[in-house]
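One structure below.
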Amino acid sequence: MDYNFIDIEQKWQRHWDEKKIYKTKIDPSKPKYYVLDMFPYPSGAGLHVGHPLGYIASDIYSRYKRQQGFNVLHPMGYDAFGLPAEQYAIQTGQHPAITTENNIKRYREQLDKIGFSFDWDREVRTCDPKYYKWTQWTFIQLFNHYYNNKTQKAEPIKDLMSKFERSGNIDIDAASGPVQEFTAVGWRKMSDKEKQQTLMNYRLAYLAETMVNWCPKLGTVLANDEVKEGFSVRGGFPVEKKKMNQWFLRVTAYAQRLLDGLEEIEWSESLKEVQRNWIGKSEGATIFFNIKNSEKAIEVFTTRPDTIFGATFMVLAPEHELLKEICTPEYAEKAELYIKDSFKRSERERMAETKTVTGQFTGAYCQHPFTKEPLPIFVADYVLAGYGTGAIMAVPAHDSRDYAFAKTFELPIVEVVTGGDIEKGSYDAKDGTLINSDFINDMDVRSAIKAVIKRLESTQSGKRMINFRLRDAIFSRQRYWGEPFPVYYKDGIPYVLDEKELPLELPPVDKYLPTETGEPPLARAKNWKTKDGYQLDCNTMPGFAGSSAYYIRYMDPHNNNELVSKKAVEYWRNVDFYVGGAEHATGHLIYSRFWNKFLFDIGVVVEQEPFKKLVNQGMIQGRSNFVYRVKGTNKFVSYNLRKKYDTMPIHVDVNIVDNDILDIEAFKKWNPEYKNAEFILEDGKYICGWDVEKMSKSYHNVVNPDDLIQNYGADTLRLYEMFLGPIEQAKPWDTNGIEGVFRFLKRFWRLFHDDKGEFKVTNEQATEEELKALHKTIKKVSEDIERFAFNTAISAFMTLLNKLYELKCNKKDILQPLVALLSPFAPHITEELWQKLGNKDSIVLAEYPAYDEKFIVEDLITYPVSFNGKMRFKMELSAGLSADEIEQKVLEAEESQKWIKDKKIKKVIVVPGKIVNVVV
RNA sequence: GCGGAUGUGGCGGAAUUGGUAGACGCGCUAGACUUAGGAUCUAGUGCCGCAAGGCGUGGGGGUUCGACUCCCUCCAUCCGCACCA
């Protein structure tokens with residue numbers, strides 16, 4: 001019987017499903033291991049071969065761990081809220097829940113065919129009210145907590161209120177928005193409304209009016225990580241700045257802990273670096289510059305307080321609040337015009353024009369805190385409102401942007417750190433000695449920074465300051481297909497619902513569009529009010545809300561009383577191994593770390609970091625094929641002849657090209673336009689050109705896993721995806737190579753069968769050579785799995801199979817452990833053979849074979865012998881020889897003479913067990 | 001501009017600690033079996049050369065008995081961030 005992968009795979013998939021072989025329960029007698037894939041958004045297009053890459057890798061690892069005796073949690077679910085389903089709903093009126101349900105069905109079918117070891121009983125969907133009940137619950141907790149900087153953790157807002165009762169906010173060190181100081185008396189005097197407004201500045205989920213990223217095309221605000229280069233990541237629509245009242249999460253409270261936590265987790269250095277940059281910690285000072293003829297001061301942040309004596313002017317961002325007050329009548333009009341202009345220009349334009357310097361004098365001056373000299377105040381859009389205080393002290397001699405500005409506006413440039421040439425440009429480096437700088441003259445930069453901060457603090461004109469680039473996350477979206485906020489409004493003040501009223505389910509609406517007055521779609525819902533008649537919030541939560549704690553929910557997915565039970569979270573703890581795309585570096589992977597730390601603070605989870613080890617799978621690129629059309633004709637010329645004609649390359653469907661040879665008949669049928677196409681062939685064939693591009697429908701290079709499973713089977717697909725190369729690396733998909741692993745599995749199958757196709761395995765005792773080959777492979781494969789080098793593990797299997805063919809070995813002693821060893825990679829074929837070998841239990845539970853060092857030791861070593869570092873010949877020597885003996889044997893060898901001849905031997909290097917090098 | 005990654009045959013890639021460069025696979029060449037081959041098997045396959053041999057891991061330089069691996073420098077490609085004070 002030939003290798004009938006279709007029957008085998010269907011049979012075992014059904015069997016595993018019926019026997020619930022992958023069902024996982026808490027088992028204190030076994031060590032736990034949690035393997036997680038980033039759950040997919042179920043898009044309408046279904047899976048292409050790039051999607052399962054990470055799932056296959058994590059599945060292999062899960063099966064490997066399971067066989068090693070770990071209790072493995074390996075769940076899967078769907079990130080089911082999202083824009084595409086909603087956009088589709090807007091176009092067709094079909095409820096996004098239906099679209100989503102259909103897409104999930106399609107995904108599930110595709111996933112099932114690949115033979116994953118998911119425990120589907122734990123499936124979660126973010127759009128399921130039973131699931132988002134806990135997303136809403138967590139929001140309520142965030143709303144009801146603030147961040148205490150003294151204890152470095154989230155604490156109940158109730159505690160904060162009793163502190164206010166006792167002593168106002170004077171001794172409070174908490175993460176907050178801009179708050180005025182008040183005493184206990186002041187607190188008690190406040191109205192309820194004022195109290196609520198004050199508390200809002202402290203809550204970890206808060207409502208605030210700020211500049212937000214507004215995307216008019218999507219009709220919603222977006223978080224910073226959802227905007228790239230002024231366009232929305234989803235859809236690519238332009239984004240503008242707009243002042244709006246929105247929900248925020250106070251992620252910045254956790255900035256330091258998010259940074260510190262990176263030290264404890266095994267993520268790639270590059271990914272950690274991206275997070276560090278995103279958090280963007282910088283140390284320096286905040287300095288107050290008093291404004292002339294005003295009681296106000298401009299607060300600036302600088303990382304270079306040492307250069308304070310080189311500050312010759314001040315610059316405010318166009319959004320800066322003080323601008324309105326400080327502009328002198330003479331300049332007010334011009335300044336206003338400049339500010340208006342810079343608002344009009346989109347983010348995009350502003351970024352594109354980084355080279356031109358623009359700005360406007362305000363007419364106002366402020367005072368240098370030390371020299372008391374007046375400094376002119378400018379407004380310029382090279383200063384960003386969103387970073388630091390939105391104002392800078394300009395030190396043109398030591399900052400290239402300030403330098404360019406000073407040159408344009410002919411402002412003085414004062415050198416205060418030696419080492420550069422300020423005639424030519426600014427000197428930004430932190431090396432040098434201070435000059436022209438009063439009390440810090442002759443100091444180096446580091447000591448000068450310290451000295452200036454000390455003086456600032458003693459004169460109360462500034463203080464040491466740590467600044468983060470990380471911004472609080474905008475948490476509300478003006479869309480339909482997301483979690484509703486468990487929030488209602490009373491007197492314009494938001495209150496959260498009682499936990500008992502959760503989940504607050506998404507209401508039906510007549511249209512999935514904003515209302516005529518620009519309200520979000522939920523405003524269309526009938527009676528969108530609490531039972532007491534208060535108006536509910538009309539926003540919904542963003543995509544990252546549902547994905548921030550799904551890994552916790554998998555631990556206890558059906559618990560209707562808690563997000564997760566103590567028992568479950570204390571057993572499963574956190575994710576040991578997480579696989580997913582690097583594109584989530586600044587979104588999901590920051591938010592869920594934040595979310596997890598908060599849940600840790602309030603005692604829901606037991607680990608500070610959610611994902612201990614993380615691997616980013618590389619993108620699978622497409623390999624496109626081209627035909628060359630002779631311009632203005634319906635004639636196509638084969639690849640190597642194309643230069644003789646004036647041609648245009650056209651993408652052709654890779655599924656009608658085999659080994660770069662075009663299936664001409666299929667091509668004619670592919671598109672009616674080519675029905676009567678003519679071809680100029682070479683060697684009777686039409687050869688296509690090729691290139692590596694993104695896998696995309698428009699390039700006709702999408703390969704569907706279903707087709708491959710149909711033709712080669714899931715085991716072959718699994719092996720080939722892994723065989724392509726290292727998991728982290730981006731690599732092109734080329735279906736041609738799949739024959740190699742398919743051949744391997746067919747040969748593997750035949751090893752267990754005789755010429756007639758009858759199962760035949762002998763009980764003969766294995767030879768030393770056979771055992772050595774087996775155990776070397778066990779060792780290699782185990783080590784490779786541990787370091788996620790699945791491609792080389794598969795090579796090792798191929799090498800062993802070649803060896804066993806050479807030895808004509810079909811002994812059970814060898815083949816049985818080999819089947820167990822291969823089963824994480826190719827679970828179906830190995831399960832079938834495992835049963836044929838007489839095993840009753842599933843191979844999923846089979847013990848992972850251990851290798852025995854005693855079979856591996858070599859008694860003969862093949863030494864490569866080099867002369868002057870070039871390998872010339874090989875020599876077999878017994879492993880027990882000493883270095884001197886080896887040297888003697890090598891020099892005596894006949895072949896050595898040819899290389900020594902009459903030359904003098906300078907030196908002989910012998911590395912026992914490795915190499916011999918003769919220097920002549 | 002800053003940060004990170006990568007660069008090895010016609011192609012995907014291997015070489016884990018400085019020790020045989022090109023494992024394994026695709027493709028290609030030749031042959032065997034076969035009614036047939038898009039099945040299977042055997043042999044070959046980095047480049048130049050009839051050979052002896054020479055050259056060879058993006059380029060140049062260095063350290064070393066020995067460098068894909070370490071150091072310096074330059075180049076190319078990809079990714080991230082981007083007026084971050």
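Predicted model, so just to flag it, every value in this text is computed and none were measured. Just so you know, these numbers use all the heavy atoms, side chains as well, and skip hydrogens, waters and symmetry mates.
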Could [X] and [Y] be called an ion pair, given the rule that one side-chain N must be under 4.0 Å from one carboxylate O?
| X | Y | result |
| --- | --- | --- |
| A/Lys779 | A/Glu783 | yes |
| A/Arg276 | A/Glu269 | yes |
| A/Glu283 | A/Arg464 | yes |
| A/Lys685 | A/Asp658 | no |

Which donor-acceptor pairs under 3.5 Å do the side chains of residues 303-313 of chain A make with protein atoms, sequence neighbours left out?
unit_1   : atom_1 : unit_2   : atom_2 : d
A/Arg304 : NE     : A/Asp306 : OD1    : 3.1
A/Arg304 : NE     : A/Asp306 : OD2    : 3.3
A/Arg304 : NH1    : A/Asp428 : O      : 3.2
A/Arg304 : NH2    : A/Asp306 : OD2    : 3.0
A/Thr307 : OG1    : A/Arg304 : O      : 2.8
A/Thr312 : OG1    : A/Pro412 : O      : 2.9

Given [options], identify the nucleotide with an atom nearest to the side chain of [X].
| X | options | result |
| --- | --- | --- |
| A/Phe301 | B/C65, B/A85, B/G80 | B/A85 |
| A/Val274 | B/G80, B/U16, B/A82 | B/G80 |
| A/Asn917 | B/A21, B/G12, B/G66 | B/G66 |
| A/Trp690 | B/G27, B/A82, B/C11 | B/C11 |
| A/Ser795 | B/A85, B/A23, B/G13 | B/A23 |
| A/Thr792 | B/G19, B/G12, B/A15 | B/A15 |
| A/Asp784 | B/G25, B/U20, B/U16 | B/U16 |
| A/Asp381 | B/A85, B/C26, B/C83 | B/C83 |

For ring-ring contact (aromatic ring centres under 6.0 Å, His included), just list the numbers for A/Phe797 and A/Phe825, CA-CA rounded to whole Å, side-chain angles, deciding distance to a tenth of an Å, and then say yes or no. CA-CA 11 Å; A/Phe797 281 118; A/Phe825 295 85; 5.4 Å; yes
Presence of [X] side-chain N/O under 4.0 Å of [N] phosphate oxygens OP1/OP2:
| X | N | value |
| --- | --- | --- |
| A/Asn791 | B/A14 | yes |
| A/Arg750 | B/C41 | yes |
| A/Ser282 | B/A85 | yes |
| A/Arg469 | B/A82 | yes |
| A/Arg872 | B/G54 | yes |

Quick one: [X] [atom1] to [N] [atom2], roughly how many Å, whole number?
| X | N | atom1 | atom2 | result |
| --- | --- | --- | --- | --- |
| A/Lys746 | B/C41 | NZ | P | 9 Å |
| A/Glu739 | B/G27 | CD | C1' | 12 Å |
| A/Ile886 | B/C65 | CD1 | P | 20 Å |
| A/Asp428 | B/C2 | CG | C1' | 12 Å |
| A/Glu728 | B/G4 | CD | C1' | 14 Å |
| A/Phe378 | B/C83 | CZ | C1' | 17 Å |
| A/Gln729 | B/G7 | CD | C1' | 10 Å |
| A/Trp267 | B/G4 | CH2 | P | 19 Å |

Could you tell me whether the side chain of A/Leu53 reaches within less than 4.5 Å of the side chain of A/Lys731, counting heavy atoms only?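 The answer is yes; the side chains approach within 4.5 Å.
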Taking all non-hydrogen atoms of both residues, which atom of A/Gln710 and which atom of A/Ile6 are closest, and how far apart?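 For A/Gln710 versus A/Ile6, the nearest heavy atoms are O-CD1, 4.1 Å.
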Stems in RNA chain B: runs of 3 or more consecutive Watson-Crick or G-U pairs, distances under 3.5 Å?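 Stem segments, range with range: B:1-7 with B:75-81, B:10-12 with B:24-26, B:27-32 with B:40-45, B:46-48 with B:53-55, B:58-62 with B:70-74.
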Which part of the nucleic acid does A/Arg743 contact within heavy-atom distance under 4.0 Å: base, sugar-phosphate only, or nothing?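 Contact class for A/Arg743: sugar-phosphate only.
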